[in-house]
Student: 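The following block contains the structure, expressed as structure tokens.
Every chain is numbered from 1 and lettered A, B, ... according to where its sequence line falls, protein lines coming before strand lines.
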Number of protein chains: 2
Amino acid sequence: MRPHKLRFAILAVDVAIIAVLDGTPHVLLTPVHLPPDIIDAYALPGGLVRPDETAEEACVRLLSEKCGLEDCYSEQLATFSAVDRDPRGRVVSVAYLVLVPEPAARGHGLPDGLSWREAARVGKLAYDHNEIVAAALGRLRAELQSTTIARQLIAPQFTLSELQSLYESVLGRALDKRNFRKKLIADGVVRPTGKMLQAALGRPSELYRFAGSKVEVISVLSGS
Amino acid sequence: MRPHKLRFAILAVDVAIIAVLDGTPHVLLTPVHLPPDIIDAYALPGGLVRPDETAEEACVRLLSEKCGLEDCYSEQLATFSAVDRDPRGRVVSVAYLVLVPEPAARGHGLPDGLSWREAARVGKLAYDHNEIVAAALGRLRAELQSTTIARQLIAPQFTLSELQSLYESVLGRALDKRNFRKKLIADGVVRPTGKMLQAALGRPSELYRFAGSKVEVISVLSGS
DNA sequence: GCAAAAGTGTTGGATATACACCCATGT
DNA sequence: ACATGGGTGTATATCCAACACTTTTGC
């Protein structure tokens with residue numbers, strides 16, 4: 001082995017951080033400006049993987065260091081390795097999907113120039129980050145329907161209307177209120193807490209929580 | 001940026017090549033012997049990603065160079081980045097799932113010491129390759145039930161009994177013959193060719209083919 | 001009493017499951 | 001004629017989809 005020939009790749013992590021804010025999916029973006037190739041663009045937060053950490057660890061570290069986010073749900077999405085994906089040189093990136101509940105996303109002041117942008121209107125991002133965002137949203141949509149991953153996007157206690165509108169905004173289609181409730185309650189996915197929430201207007205709603213303590217693989221929805 | 005500090009990662013590809021042979025899932029393994037850490041073990045075929053190729057391209061190249069396999073279906077599985085996963089140093093590996101139809105797997109002489117081994121009985125593999133094999137089989141099981149990926153594991157024309165036994169061997173459970181046929185035919189997933197196959201014994205069976213030309217995402221099975 | 005959001009049941013259709021016998025062939 | 005694997009239909013239960021009105025609250 002000739003180590004100097006083999007040590008060619010710069011390994012990075014890029015993070016698609018998703019939160020549903022005001023009923024629409026948002027992504028956390030950071031400004032980039034690397035003339036001449038990238039001018040006044042936006043990109044996903046990311047950074048290099050250190051020699052002594054795994055990609056997962058880098059992801060957690062970058063979330064903390066660059067975004068001020070702690071204890072978020074994250075899962076590996078895919079690895080992007082196009083030779084020219086970064087104008088600075090060969091950088092291979094492991095992309096992660098990270099989910100932030102709405103209250104957490106609102107609650108903490110964003111560092112630097114980070115900002116939440118509507119996922120459907122991010123425009124042209126730097127690098128291949130549009131591809132990563134598309135993969136993240138696709139994965140999220142798939143998992144919403146087959147797992148209890150929604151718990152990672154919502155407060156610990158929530159009304160069923162809130163949960164339904166989360167589903168509707170991510171899936172991009174309306175769901176039937178009665179079928180939605182029926183299914184989630186009958187399947188034991190969510191459980192009533194007994195507490196009531198008085199919204200600004202209208203009848204108070206009951207607060208629910210997810211039954212299990214982790215993300216579980218079950219058929220959450222078919223069509224509703 | 002200090003490039004010399006950043007250029008740390010060796011990027012590799014490891015390939016979980018699956019074929020269903022004699023009604024049981026097999027993986028293609030290669031012997032490894034790297035004392036003192038790895039002695040007389042087996043591992044998935046793999047190799048380094050070159051500076052001028054993507055991970056996908058490296059996967060295709062390695063399949064050809066190391067395994068003599070051309071034009072196989074492949075998809076990225078996940079990236080494994082544990083710091084000590086390779087005793088020789090820091091090697092991050094992008095794992096791929098590759099599927100080979102039974103006739104192709106039988107038809108070509110295996111180079112080197114490569115051999116097909118029953119996936120359920122591979123024993124302790126080198127590196128983290130047991131993890132990769134587990135991920136590959138899990139992905140395959142999931143996709144068998146929701147896509148037409150089975151086409152990548154079987155000859156272009158096949159009997160429904162062959163297809164069913166493929167499903168059964170990968171999923172590890174028996175399926176009802178009538179329901180299996182009903183569903184695949186009713187959903188238009190497979191189409192009869194009109195040709196008959198005279199097996200060694202018993203009534204001749206009709207040959208079918210998959211209807212679409214690609215792997216399609218549909219609900220292939222529920223329980224049968 | 002009105003506006004706003006919460007909550008609740010039924011029915012018809014489709015889909016899934018369970019199950020057992022006859023058919024075509026080679027020997 | 002028998003052994004072997006191929007092929008077929010029906011009845012039941014479950015699940016899904018569509019659908020509209022009543023309740024509780026604040027103002």
Side-chain angles (χ1 to χ4, degrees), chain A residues 20 22-23 102 144-147 154-155 157-169 171-209 217-224, chain B residues 20 22-23 102 144-147 154-155 157-169 171-209 217-224:
Chain A
V20 178
D22 303 315
E102 178 154 10
L144 255 199
Q145 297 172 76
S146 59
T147 74
I154 205 166
Q157 306 210 340
F158 49 86
T159 69
L160 288 186
S161 300
E162 287 167 350
L163 183 60
Q164 181 176 348
S165 99
L166 190 160
Y167 269 86
E168 290 178 334
S169 67
L171 298 180
R173 63 193 163 96
L175 301 176
D176 181 89
K177 182 165 52 161
R178 280 164 291 191
N179 294 337
F180 183 81
R181 290 160 177 262
K182 214 184 315 176
K183 190 166 180 73
L184 291 189
I185 295 170
D187 293 1
V189 175
V190 298
R191 301 176 63 89
T193 62
K195 288 178 223 158
M196 294 303 240
L197 175 74
Q198 182 55 61
L201 201 50
R203 173 172 171 177
S205 43
E206 181 153 21
L207 287 169
Y208 286 76
R209 59 185 169 79
V217 180
I218 50 162
S219 175
V220 174
L221 279 187
S222 41
S224 283
Chain B
V20 178
D22 302 315
E102 178 155 9
L144 255 199
Q145 296 173 76
S146 60
T147 72
I154 205 167
Q157 306 209 340
F158 48 86
T159 70
L160 287 186
S161 301
E162 288 167 349
L163 183 62
Q164 181 177 346
S165 98
L166 191 161
Y167 270 86
E168 290 178 334
S169 67
L171 299 180
R173 62 191 164 98
L175 301 175
D176 183 89
K177 181 165 53 160
R178 281 164 293 192
N179 294 337
F180 182 80
R181 288 160 179 262
K182 215 185 315 178
K183 190 166 179 72
L184 292 189
I185 295 170
D187 293 0
V189 174
V190 298
R191 303 175 62 87
T193 62
K195 290 178 224 159
M196 294 303 240
L197 175 74
Q198 182 54 59
L201 201 51
R203 174 173 170 176
S205 44
E206 182 154 20
L207 288 169
Y208 286 75
R209 58 187 171 77
V217 180
I218 52 164
S219 174
V220 175
L221 279 187
S222 41
S224 285

Student: Measure the distance from CG on Leu184(B) to P on dT8(D) and round it to the nearest whole Å.
Tutor: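 Checked: the CG to P distance equals 13 Å.
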Student: Whole Å only: how far is the CE atom of Met196(B) from the C1' atom of dG6(D)?
Tutor: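 Rounded to whole Å, this separation is 9 Å.
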Student: Find the distance Arg181(B):CZ to dG9(D):C1' and express it as a whole number of Å.
Tutor: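 Spelled out: CZ on Arg181(B) to C1' on dG9(D) is 14 Å.
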Student: Tell me, do Phe158(B) and Leu197(B) make a side-chain contact under 4.5 Å, heavy atoms counted?
Tutor: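 In short, these two side chains do not touch, never coming nearer than 4.5 Å.
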Student: Write down the distance between CG (Leu197(A)) and C1' (dA4(C)), rounded to a whole number of angstrom.
Tutor: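 Roughly 14 Å, once rounded to whole Å.
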Student: Please name the pair of heavy atoms, one in Leu171(A) and one in Gln145(A), separated by the smallest distance, quoted to 0.1 Å.
Tutor: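 For Leu171(A) and Gln145(A), the tightest heavy-atom pair comes out as CD2-NE2, 3.5 Å.
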Student: Quick one: closest heavy-atom pair of Tyr167(B) and Thr147(B), and the distance?
Tutor: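 Reported closest heavy-atom pair: OH-O, 4.2 Å.
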Student: Quick check: closest heavy atoms across Pro204(B) and Gln198(B), and the distance to 0.1 Å?
Tutor: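 Scanning both residues completely, I find the closest heavy atoms to be CG-OE1, 2.8 Å.
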Student: How many Å lie between CG on Asp176(A) and P on dT11(C), as a whole number?
Tutor: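 Rounded to whole Å, this separation is 16 Å.
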Student: Atom NZ of Lys177(B) and atom CG of Leu175(B): how far apart are they, to the nearest 0.5 Å?
Tutor: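 Going from the NZ atom of Lys177(B) to the CG atom of Leu175(B) covers 12.5 Å.
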Student: Can you see if the side chain of Ser161(B) gets near the phosphate of dG5(D) - specifically, an N or O under 4.0 Å from OP1 or OP2?
Tutor: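 Answer no for this pair, as no side-chain N or O of Ser161(B) is under 4.0 Å from OP1 or OP2.
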Student: Locate the shortest heavy-atom distance separating Ser169(A) from Gly23(A); write the atom from each residue and the value.
Tutor: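 Taking Ser169(A) first and Gly23(A) second, the nearest heavy atoms are CB-O, 3.0 Å.
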Student: Looking at Lys183(B), I'd like to know whether one of its side-chain N or O atoms comes within less than 4.0 Å of OP1 or OP2 on dT15(C).
Tutor: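 No, because none of the side-chain N or O atoms of Lys183(B) sits under 4.0 Å from OP1 or OP2 of dT15(C).
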Student: Give the B/S/- string for nucleotides 20-27 of chain D, one per nucleotide from 5' to 3', where a protein heavy atom under 4.0 Å of the base yields B, of only the sugar-phosphate yields S, and otherwise -.
Tutor: B--BBB--
Student: Please report the distance, rounded to the nearest Å, between CZ in Phe180(B) and P in dT17(C).
Tutor: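 My rounded result for the distance is 14 Å.
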Student: Please state how far atom CG in Leu163(B) lies from atom C1' in dG6(D), giving the value in whole angstrom units.
Tutor: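 Roughly 15 Å, once rounded to whole Å.
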Student: Provide a list of protein-nucleic acid N or O atom pairs under 3.5 angstrom, restricted to nucleotides 10-13 of chain D.
Tutor:
{"unit_1": "dT10(D)", "atom_1": "O4", "unit_2": "Lys182(B)", "atom_2": "NZ", "d": "2.9"}

Student: Starting at atom CG of Leu175(B), determine the distance to atom P of dC19(C), rounded to an integer number of angstrom.
Tutor: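 The distance from CG of Leu175(B) to P of dC19(C) comes to 15 Å, rounded to the nearest Å.
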Student: Say whether, by atom type as modelled, one donor and one acceptor occur between the side chain of Thr193(B) and the main chain of Leu207(B) under 3.5 angstrom.
Tutor: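 Side chain of Thr193(B) to backbone of Leu207(B), a donor-acceptor pair under 3.5 Å: yes, one is there.
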Student: Any idea which heavy atoms bring Glu206(B) and Pro192(B) closest together, and the distance?
Tutor: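 That would be OE2-CB, 3.4 Å.
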Student: Taking all heavy atoms of Ser219(B) and all of Lys183(B), pick out the closest pair and write down the distance.
Tutor: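 Scanning both residues completely, I find the closest heavy atoms to be O-CE, 3.9 Å.
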